[in-house]
Amino acid sequence: MARHLITSAIPYINGIKHLGNLVGSQLPADLFARYQRARGNEVMFICATDEHGTPAELAAAKAGKPVAEYCAEMHEVQAKIAEGFRLSFDHFGRSSSPQNHRLTQHFAVKLAEAGLIREVSETQMYSKADGRFLPDRYIEGTCPNCGFESARGDQCDNCTKQLDPVDLINPHSTISGSTDLEMRGTKHLFLRQSAMKDRLDAWIDSKSDWPVLTTSIAKKWLHDGDGLQDRGITRDLSWGVPAQFEGAPWSGMEGKVFYVWFDAPIEYIAATEEWTEKTGGDWERWWRTDKGADDVTYTQFMGKDNVPFHTLSFPATILGSGEPWKLVDYIKSFNYLNYDGGQFSTSRGRGVFMDQALELLPADYWRWWLLSHAPESADAEFTWENFQVSANKDLADVLGNFVSRITKFTRSKFGEAIPEGGSWGAQEAALIEDLTTRIRAYETHMEEKDIRKAAMELRGIWVAGNEYLQASAPWSVFKTDPDQAAAIARLALNLIPIYAVLSAPFIPDAAKIMLEAMGDEDRGWPGDVKTALEALPAGHAFTTPEVLFRKITDDEREEWQERFAGTRD
RNA sequence: GGCUAGGUAGCUCAGCUGGUUAGAGCACACGACUCAUAAUCGUGGGGUCGGGGGUUCAAGUCCCCCCCUCGCCA
């Protein structure tokens, strides 16, 4: 039995994510996790909320709550929505957990011991009124270049000129509005990624099977300009993992915490440790190659914006520690999903957000559309027309109607049990051959994380059932040879649990309904197709399910199109 | 401006290391069927493979130049 460690990029805590975020990491990771479990493999599927940093502090302040309380609440909200989408995490952790605090500090110590941490003194804008150092983008002022009054400290949105906060005329804090700002000296820890460059380069080079999107981004950061740069791993904040702690090999870091990008990926490991606390399981056999993780296959899923951290920074942390931690084996990355001619926008509320989506339609509809249109080779686009057509055609007409037509036909001619009589001939043999080829192809696509292709093949498998029914026409055979019609119906009914098991990674709820209707909840993966088609014997009772997928009407589509074009709230 | 990825039928996309008449789904037209969620199945029309050069017996597939889209970086 193979062992699969699967992680999804962890969503940031400040608010509910949109469909683009979902399809970029959590959903494909869930697809893969469900598939591997269905194949009988051992799976550890981990996700978490990314809770530290300035945006979380500001969102909490805006909500009028202590940041810890705010994060705890938002974590619950996100966990609930994840459940709504049937994301089957073994554990959905929190980067603010004590486990992550310990582990983050542990890695920092190990990296320092390996000579991979250096201290850097720099000056940054400090706001007395806010009592904090301000990240560049939280400082606004008049652009010295074009006179635009709301230029940010890092860049002017009007003339696009790159800026330094000290360049701004009349700079003020966007948090408090205060103009009482000054440059202050501060000290930070930097991870010496540059020292790891060759090692990382060779490692990336060895991954010839990774998506080009993943390796090209990594290569760019490794070789662009002066090559891989050292990066600060601390910030002047209070909400986070303290950078000064007992046993720290440095001093003077009071009041500073580790920067989110450093502690967030470590949370993958810490979350598994959190899982141990919950279940009593052994987390080290998933993460320590000296403690049983050497046979683990580790796959990460993420949007392209996260690739640099997962291909370079996190591996630098893992490798640099000098300890036998499990390194990722495959990084599946995704492009962006756009919304109806533009981008999804969290700030402007443009597009569909996860909570809203579930209010409109069951999770399966979204899962199917998003996965079958996953932005693998290029950015993809969500349009309501496309969504309506795909869902109605694929789910309602092809799959749903197949289940409906054969169960209703059998019920009316033979009653609600698998009918007896007749025998298989050439048509059935041809179907078995076709399905065998298709199912093996589907397995290959799933193993390779080729999501669109897997979806297409699955759809083809559904179509094969309709083709068979159309060609064998049990409704006319019944008139002259009821026994033969029974044989056809018996086979077609036996397709339902097979379809359910194959489809479950994409549409788990519908799959469950199909299995329940056929009284076959524990059905396993179809190895030999002929055997699988004989699993439900004559006389086995079934029930005729309600409509599996209702159709999306034109009126609904138009209404939604209108509703989600504008601003949220 | 530098870099990545793209630009293939009306739409969404497949096309591996160059090699028979460029494929699929949707849409469209016609036909079959009437068990089924007015669903299904079949057939067909439709493409100068962004543009221009070049290499080759042979290029959507390799090389060069240009145009356009998206993203990243500066």
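What's counted below: heavy atoms across the whole structure, side chains too, no hydrogens, waters or symmetry copies.
- Of the charged side-chain nitrogens involved, none lies within less than 4.0 Å of a carboxylate oxygen, so that A:D30 and A:R86 do not count as a salt-bridged pair.
- Under the stacking definition used here (centres under 5.5 Å, planes under 30°), the residue A:W475 qualifies as stacked on the base of B:C35.
- Base pairing analysis places B:G23 opposite B:C13; the two distances defining the Watson-Crick or G-U wobble pair are each below 3.5 Å.
- At whole-Å resolution of the value, CZ in A:R411 and P in B:A36 are 9 Å apart.
- For the pair A:K413 NZ and B:U34 C1', the interatomic distance rounds to 11 Å; values are reported in whole Å.
- One C1' atom belongs to B:U61, the other to B:G18, and the distance between them is 6 Å to the nearest Å.
- Distance noted for atom P between B:A9 and B:C35: 41 Å (whole Å).
- Atom C1' of B:G15 sits at a distance of 15 Å from the matching atom of B:G25, rounded to the whole Å.
- Annotation: B:C30 and B:C11 have their P atoms spaced 23 Å apart (nearest Å).
- If you check every strand for non-hydrogen atoms under 4.0 Å, A:K551 touches a base.
- Rounded to whole Å, the P atom of B:G60 lies 15 Å from the corresponding atom of B:U17.
- Spacing between atom CH2 of A:W368 and atom C1' of B:U12 amounts to 14 Å, rounded to whole angstrom units.
- Going from atom CZ of A:F549 over to atom C1' of B:A36 covers 16 Å, rounded to whole Å.
- Across the P atoms, B:U4 and B:C62 are found 15 Å apart, a figure rounded to whole Å.
- No donor-acceptor pair closer than 3.5 Å links the side chain of A:Y499 to the backbone N or O of A:L399.
- Among the protein residues, A:V547 comes within range of the nucleic acid bases, having at least one heavy atom under 4.0 Å from a base atom.
- Where A:H373 and A:K304 meet RNA chain B, the nucleotide closest to each residue was compared, and A:H373 sits on the side nearer the 5' end.
- B:A29 is paired with B:U43 under the criterion used here, namely a Watson-Crick or G-U wobble arrangement in which both key atom distances are under 3.5 Å.
- A donor-acceptor pair shorter than 3.5 Å can be found between the side chains of A:N386 and A:W369.
- No salt bridge links A:K530 with A:E428; every basic N to acidic carboxylate O contact stays at or beyond 4.0 Å.
- A distance of about 16 Å separates the P atoms of B:C3 and B:A74, rounded to the whole Å.
- For B:G15, the OP1/OP2 oxygens have a side-chain nitrogen or oxygen of A:K453 closer than 4.0 Å.
- Mapping A:K393 and A:S404 onto RNA chain B by nearest heavy atom places A:S404 at the nucleotide closer to the 5' end.
- Within the nucleic acid shown, A:F402 has no heavy atom closer than 4.0 Å to any nucleic acid atom.
- Nucleic acid contact class of A:L469 (heavy atoms, under 4.0 Å, all strands): none.
- Distance, A:E376 CD to B:C13 P: 12 Å, rounded to whole Å.
- Distance CZ (A:F478) to C1' (B:C33): 18 Å, rounded to an integer number of Å.
- Between A:W384 and A:W560, the ring planes lie tilted relative to each other; the angle falls in the 30° to 60° range.
- Comparing B:G42 with B:C33, their C1' atoms are spaced 11 Å from each other, to the whole Å.
- Scanning atom types as modelled, no donor and acceptor separated by under 3.5 angstrom connect the side chain of A:D397 and the base of B:A39.
- A:W366 pairs in a ring pair (Phe, Tyr, Trp, His ring centres under 6.0 Å) with only one of the listed residues (A:F387, A:F353, A:F85, A:F506), which is A:F387.
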